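Note sheet for the following structure.
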Protein chains: 2
Amino acid sequence: MSTPERLIESTRELLWERGYVGTSPKAVLERAGAGQGSMYHHFKGKPDLALAAIRRTAEEMRTTAEGVLGGPGTPYERIEAYLLRERDVLRGCPVGRLTMDPEVVADDALRAPVDETLGWLRARLAGIVEEGKERGEFAPSVNGEEIAAAVVATVQGGYVLARASGSPAAFDAGVRGLLALLAPRDR
Amino acid sequence: MSTPERLIESTRELLWERGYVGTSPKAVLERAGAGQGSMYHHFKGKPDLALAAIRRTAEEMRTTAEGVLGGPGTPYERIEAYLLRERDVLRGCPVGRLTMDPEVVADDALRAPVDETLGWLRARLAGIVEEGKERGEFAPSVNGEEIAAAVVATVQGGYVLARASGSPAAFDAGVRGLLALLAPRDR
DNA sequence: GTCTATACGAAGATAGAC
DNA sequence: GTCTATCTTCGTATAGAC
């Protein structure tokens, strides 16, 4: 792997583990096995490197989600598959995590990929819910965008509960609760 | 306000804004208008001061939540009141936020108040859901603990969505979606 | 109790040699 | 492209004067 690649990958790992504020160039360099000069040759500085890392992580998250949401099954089944998909729960979401970083939220360039990814996910889920309404799987009274927001929020908040308790159980409980409420009745 | 009080309050603000990793003793001292010596006289160091701040924030959160959850109304109405209560959405949750801090999660003493508070909230909500089942407001098939986890997760995740988009709208959407799913039918 | 002085490594970046 | 200085400020803490 090339040096810029290693720098980006190391940054992605550290951003996930420690966030933007908690990630120092020094730590990135050590993990990547590179020297100071390399980093400042390929990137303008910490924000520039972080931006490259965040963009890649955001794209990866979209790809993973689409793999499940675009799969087979009824709308409910695809949402269920998304919620039940295997996750490293205690590590949390590498994208959502960044919203707790004041320097990411304050910087439009850094926040943009985060916003776009979660926005895309919400819109994608909203469309699936609307599809489910047309098929009679969901009640006509439900609002696709609201359900989509609740689904994404349950996942993001599930990570919070899991990390607080040190166990994935709370994440699973929240997902099961939401799925129970969402399940098509009378079948 | 006494010096230790000012130190704790300043720390609470900074932990909320910037998290544990992003909060330096120096910043706390400036905000509190105190000198280095004062802080190390009253507290053993940064973790000790942070613990005092986190404990107070956790207690405050429990008090606020109990004010709504212990209020009047049917179980559904009390859960609704909790979800719709006024919040400074873009600031996020001062307790839940700490779960994204690796140094908090890694330190049992710092994590304990976070875990206890969210655990208490889940149990409190679970009891209310069970009460609603007894009254026939919720279906007997729903699981109180699961619904409670979904409710808390929706709130915690709602903050993530709001901060990502820079607007409270996503938080509100998620809450409305969950309430629509939770609403008693046929009445 | 509070202050200043001092310490030492880390954060973030630049300069210039190779 | 990569490396090793070098720089300045910050982070965290101790020592000791007042």
Side-chain angles (χ1 to χ4, degrees), chain A residues 1-56 97-98 100-111, chain B residues 1-56 97-98 100-111:
Chain A
M1 198 160 39
S2 69
T3 298
E5 276 302 306
R6 288 203 317 276
L7 288 168
I8 290 176
E9 290 303 314
S10 300
T11 303
R12 297 213 304 145
E13 294 172 15
L14 282 164
L15 285 179
W16 194 356
E17 292 168 21
R18 307 192 41 83
Y20 182 82
V21 170
T23 296
S24 69
K26 186 181 186 186
V28 169
L29 297 174
E30 278 170 9
R31 190 170 296 213
Q36 295 267 90
S38 284
M39 169 179 151
Y40 286 100
H41 175 75
H42 295 288
F43 301 94
K44 285 198 276 289
K46 174 177 170 175
D48 188 42
L49 174 54
L51 181 57
I54 292 173
R55 280 184 173 147
R56 182 170 298 180
R97 193 223 177 292
L98 298 168
M100 292 302 134
D101 244 301
E103 316 213 348
V104 170
V105 170
D107 184 328
D108 283 342
L110 292 178
R111 187 171 58 81
Chain B
M1 201 161 34
S2 69
T3 297
E5 276 301 306
R6 287 202 319 276
L7 287 168
I8 291 177
E9 289 304 313
S10 300
T11 303
R12 296 214 303 146
E13 293 172 16
L14 283 164
L15 285 178
W16 195 355
E17 292 167 22
R18 305 190 43 83
Y20 183 81
V21 170
T23 295
S24 70
K26 187 182 185 185
V28 170
L29 297 175
E30 278 169 11
R31 191 169 294 215
Q36 295 267 90
S38 283
M39 171 181 149
Y40 286 99
H41 174 74
H42 295 288
F43 301 95
K44 285 198 274 287
K46 174 177 169 175
D48 188 41
L49 174 52
L51 181 57
I54 291 172
R55 281 183 173 151
R56 182 170 300 181
R97 198 229 173 286
L98 298 168
M100 293 301 135
D101 243 302
E103 316 212 348
V104 170
V105 170
D107 184 328
D108 283 342
L110 292 178
R111 188 172 57 81

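We name chains A, B, ... by the order of the sequence lines, and we start the count at 1 in each one. Quantities reported herein were computed from a predicted structural model and do not represent experimental measurements.
In this structure, Glu30(A) has no side-chain hydrogen bond (donor to acceptor under 3.5 Å, both in side chains) partners at least two apart in sequence or on a different chain. Here Leu29(A) pairs with Leu7(A), Ala34(A), Gln36(A), Met39(A) under the side chain to side chain contact (heavy atoms under 4.5 Å, CB included) rule; sequence neighbours left out. Residues satisfying the side chain to side chain contact (heavy atoms under 4.5 Å, CB included) test with Glu13(B), not counting sequence neighbours, are Glu17(B), Arg31(B). Residues forming a side chain to side chain contact (heavy atoms under 4.5 Å, CB included) with Ala52(A) (at least two apart in sequence, or on another chain): Ile8(A), Phe43(A).
Counting to the nearest Å, the C1' atom of dG12(C) and the CG atom of Asp48(A) are 14 Å from each other. Protein atom CG of Leu29(B) is 17 Å distant from nucleotide atom P of dG1(C), rounded to whole Å. Atom pair Phe43(B):CZ and dT2(C):P shows a separation of 11 Å (rounding to whole Å applied).
Looking at every heavy atom in both residues, Ser38(A) comes nearest to Thr3(A) through CB-CG2, 4.0 Å.
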Counting primed atoms plus P, OP1 and OP2 as sugar-phosphate and everything else as base, spell out the protein contacts along nucleotides 13-18 of chain C at 4.0 Å heavy-atom distance: B, S or - for each nucleotide, 5' to 3'. BB----
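Phosphate contact (OP1/OP2 of dC10(D), side-chain N/O of Lys26(B), threshold under 4.0 Å): present. Side-chain N/O atoms of His41(A) include none lying less than 4.0 angstrom from OP1 or OP2 on dC3(D).
Contacts classified as salt bridge (charged side-chain N to carboxylate O under 4.0 Å, His left out) and involving residues 39-48 of chain B (residues at least two apart or in different chains) are not found. Among pairs with a residue in residues 100-109 of chain A, those fulfilling side-chain hydrogen bond (donor to acceptor under 3.5 Å, both in side chains) read Glu103(A)-Arg18(B), Asp108(A)-Arg111(A), at least two apart in sequence or across chains. Residue pairs meeting the salt bridge (charged side-chain N to carboxylate O under 4.0 Å, His left out) criterion with at least one partner in residues 1-10 of chain B, sequence neighbours excluded, are Glu5(B)-Arg56(B), Glu9(B)-Arg12(B), Glu9(B)-Arg56(B).
Of the residues in residues 1-18 of chain B, Thr3(B) come within less than 4.0 Å of DNA chain C through at least one heavy atom, sorted by number.
Comparing dC3(D), dT12(D), dA11(C) by their nearest atom to the side chain of Ser24(A) picks out dA11(C).
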